[in-house]
Asks: 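Just dropping this structure here.
Bear in mind that the values here come from a model prediction, so they are computed numbers and not experimental data.
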Amino acid sequence: MKKLYQILCILSLIASLICAPFATTTWRFGLLFFVTLCLCTGAMWGLINLKKRPGLEGKAAKWLVNIGNMVFILWVISFAVVEGMIVSGIRSEPQEPVEVLFVLGGGLRGDQPTQNLQNRLVAGMEAMEQYPDAQVIVCGGQGDDEDQPEAEVMYRWMAEHGADTDRITLESQSRNTIQNIENAMAICEQKNWGTEHVTVVSSGFHLFRIRHIMKSCGLAPSVIGAPAGNPAARTLMYIREYFSVIKLLLSGYW
């Protein structure tokens with residue numbers, strides 16, 4: 001195990017240095033994740049060396065190493081299982097007829113959508129063409145590191161790229177996926193739109209969790225997936241989604 005911890009510590013340190021210059025939104029998560037992994041594996045590396053010492057110090061180190069190994073193995077197993085579920089859920093499954101489309105936000109870069117969000121908007125516009133009678137709600141509030149609500153940027157970007165803005169309504173108060181869907185449902189109620197045939201548009205890695213949130217909100221799971229950007233960002237998104245799924249499990253929306 002010592003060799004494994006050494007390798008992970010060094011690799012996570014390198015990954016942290018790579019993420020540091022781009023530490024916005026997804027990359028900030030990557031920096032936090034890899035710094036934490038570096039510190040934890042580095043601590044295990046040090047404890048393994050300490051357990052060889054005689055006396056109380058060595059015994060305490062040995063005890064901590066045993067606990068650390070067990071926690072690490074359990075985390076790896078849970079990570080593999082959850083990531084497997086996330087990957088298994090990336091397929092699009094719109095349930096026709098589609099009467100309302102919820103297009104979920106996905107981060108801004110200044111006053112422009114990130115590549116991840118642009119991909120969602122493109123998928124949303126393609127769905128608008130495929131379902132010409134469907135109403136559209138773009139969902140996304142203003143994050144702590146954002147100058148304006150995501151929904152406003154999404155609406156503007158779609159308008160600039162030829163979308164029929166008469167069909168688009170803004171939901172600009174939400175701060176997470178659960179609020180995206182719950183607030184959009186409230187808008188449907190205000191406008192007397194039925195929610196029997198709602199379809200959610202988001203990134204492929206997001207769809208597994210969205211299906212469970214829709215079920216918890218009383219909606220029939222119906223989803224359309226979009227690509228998740230460049231390979232590096234996509235990797236970080238899949239890692240982050242693991243923690244989002246665990247959080248969802250703990251929140252009761254399952």
Asks: Okay, side chain of S172, backbone of P149: is any donor-acceptor separation there less than 3.5 Å?
Replies: no

Asks: Could you note down all residue pairs passing ring-ring contact (aromatic ring centres under 6.0 Å, His included) where residues 110-130 supplies at least one of them, sequence neighbours left out?
Replies: none

Asks: Using the test side-chain contact (heavy atoms from CB on, under 4.5 Å), find all partners of A60 that sit at least two apart in sequence or belong to another chain.
Replies: none

Asks: Work out which heavy atom in I86 is nearest to a heavy atom in F205; give both atom names and the distance.
Replies: CG2-O, 3.4 Å

Asks: Are the side chain of T165 and the backbone of I168 linked by a donor-acceptor contact shorter than 3.5 Å?
Replies: no

Asks: If only atom types and distance count, is the side chain of S12 paired as donor or acceptor with the main-chain N or O of C38 below 3.5 Å?
Replies: yes

Asks: Looking at OG of S244 and NE2 of H206, how far apart are the two atoms once the value is rounded to the nearest 0.5 Å?
Replies: 7.0 Å

Asks: Mind listing the closest non-hydrogen atom pair of S202 and I210 along with its distance?
Replies: CB-CD1, 3.5 Å

Asks: Verify side-chain contact (heavy atoms from CB on, under 4.5 Å) between L236 and F33, making sure each step is shown before the conclusion.
Replies: CA-CA 9 Å; L236 293 179; F33 173 77; 5.9 Å; no

Asks: Donor-acceptor check, side chain of E146 to backbone of G107, threshold 3.5 angstrom: yes or no?
Replies: no

Asks: H197 vs S222, test: side-chain contact (heavy atoms from CB on, under 4.5 Å). Steps then yes/no.
Replies: CA-CA 8 Å; H197 303 292; S222 178; over 6 Å; no

Asks: What distance separates N180 CG from L104 CG, expressed to the nearest 0.5 Å?
Replies: 5.0 Å

Asks: More than 12 foreign heavy atoms under 6.0 Å from CG of L74: is that the case here?
Replies: yes

Asks: Spell out, as yes or no, whether a donor-acceptor pair under 3.5 Å connects the side chain of N119 to the backbone of P227.
Replies: yes

Asks: Quick test of your reading: applying salt bridge (Lys or Arg N to Asp or Glu O under 4.0 Å), list the pairs with at least one residue in residues 80-101, sequence neighbours left out, ordered by first then second residue.
Replies: R91-E93, E93-R211

Asks: Answer with yes or no whether the hydrophobic clustering places M125 together with L170; edges join I, L, V, M, F, W, Y residues whose side-chain heavy atoms lie under 4.5 Å apart.
Replies: yes

Asks: Can you give each donor-acceptor pair under 3.5 Å made by side-chain atoms of residues 1-10, sequence neighbours left out, with the distance rounded to 0.1 Å?
Replies:
unit_1: K2; atom_1: NZ; unit_2: N49; atom_2: OD1; d: 2.8
unit_1: Y5; atom_1: OH; unit_2: N69; atom_2: OD1; d: 2.7

Asks: Test E182 against every option in S174, S216, C217, C139 by the side-chain contact (heavy atoms from CB on, under 4.5 Å) rule and name the one that passes.
Replies: C217

Asks: Check salt bridge (charged side-chain N to carboxylate O under 4.0 Å, His left out) between R175 and all other residues, then give those that pass, not counting sequence neighbours.
Replies: D144

Asks: Any link between V71 and I48 through a network of hydrophobic side chains (Ile, Leu, Val, Met, Phe, Trp, Tyr) touching at under 4.5 Å?
Replies: yes

Asks: Let me see the working for L50 and V65 under side-chain contact (heavy atoms from CB on, under 4.5 Å), right down to the final yes or no.
Replies: CA-CA 10 Å; L50 281 176; V65 166; over 6 Å; no

Asks: Of all the heavy-atom pairs spanning I224 and L207, show the shortest one and how long it is.
Replies: O-CD2, 3.9 Å

Asks: Taking all atoms of both residues into account, what is the closest heavy-atom pair of Q148 and L108, and its distance?
Replies: O-CD1, 3.6 Å

Asks: Considering residues at least two apart in sequence or located in another chain, which fulfil the side-chain hydrogen bond (donor to acceptor under 3.5 Å, both in side chains) criterion with E241?
Replies: R209

Asks: Closest approach of D133 and R167, non-hydrogen atoms and distance?
Replies: N-NH2, 4.2 Å

Asks: Taking only residues at least two apart or on different chains, which pairs with a member in residues 77-128 satisfy ring-ring contact (aromatic ring centres under 6.0 Å, His included)?
Replies: W75-F79, F79-Y242

Asks: Would you kindly confirm whether V245 and V87 end up in one hydrophobic cluster when ILVMFWY residues are joined by side chain heavy atoms under 4.5 Å apart?
Replies: yes

Asks: Would you please name every residue forming a side-chain hydrogen bond (donor to acceptor under 3.5 Å, both in side chains) with S203, sequence neighbours left out?
Replies: N116, R120

Asks: Taking G225's backbone N and O only, do any of them form a donor-acceptor pair with S92's side chain (distance below 3.5 Å, no angle check)?
Replies: yes

Asks: Any side chain to side chain donor-acceptor pair (under 3.5 Å) pairs touching residues 183-195, not counting sequence neighbours?
Replies: E171-N183

Asks: Could I get the full list of side-chain hydrogen bond (donor to acceptor under 3.5 Å, both in side chains) partners for E160, not counting sequence neighbours?
Replies: none

Asks: Just how far is it from atom CG of L37 to atom CZ of F72, taken to the nearest 0.5 Å?
Replies: 7.5 Å

Asks: Not counting sequence neighbours, list each pair that qualifies as a ring-ring contact (aromatic ring centres under 6.0 Å, His included) and has a residue in residues 161-186.
Replies: W157-H161

Asks: Considering non-hydrogen atoms only, spot the tightest contact between L31 and S16 and give its length.
Replies: CD1-O, 3.4 Å

Asks: So how far is it from T177 OG1 to K247 NZ, rounded to the nearest 0.5 Å?
Replies: 9.5 Å

Asks: With sequence neighbours left out, which residue pairs that include part of residues 35-56 fulfil the salt bridge (Lys or Arg N to Asp or Glu O under 4.0 Å) condition?
Replies: R53-E57

Asks: Could you walk me through whether M85 and H212 pass side-chain contact (heavy atoms from CB on, under 4.5 Å), step by step?
Replies: CA-CA 12 Å; M85 293 189 294; H212 286 278; over 6 Å; no

Asks: Any donor and acceptor pair, going by atom type alone, linking the side chain of Q173 with main-chain N or O of G141 inside 3.5 Å?
Replies: no

Asks: Supply the atom-to-atom distance I213 CD1 to I181 CD1, rounded to the nearest 0.5 angstrom.
Replies: 5.0 Å

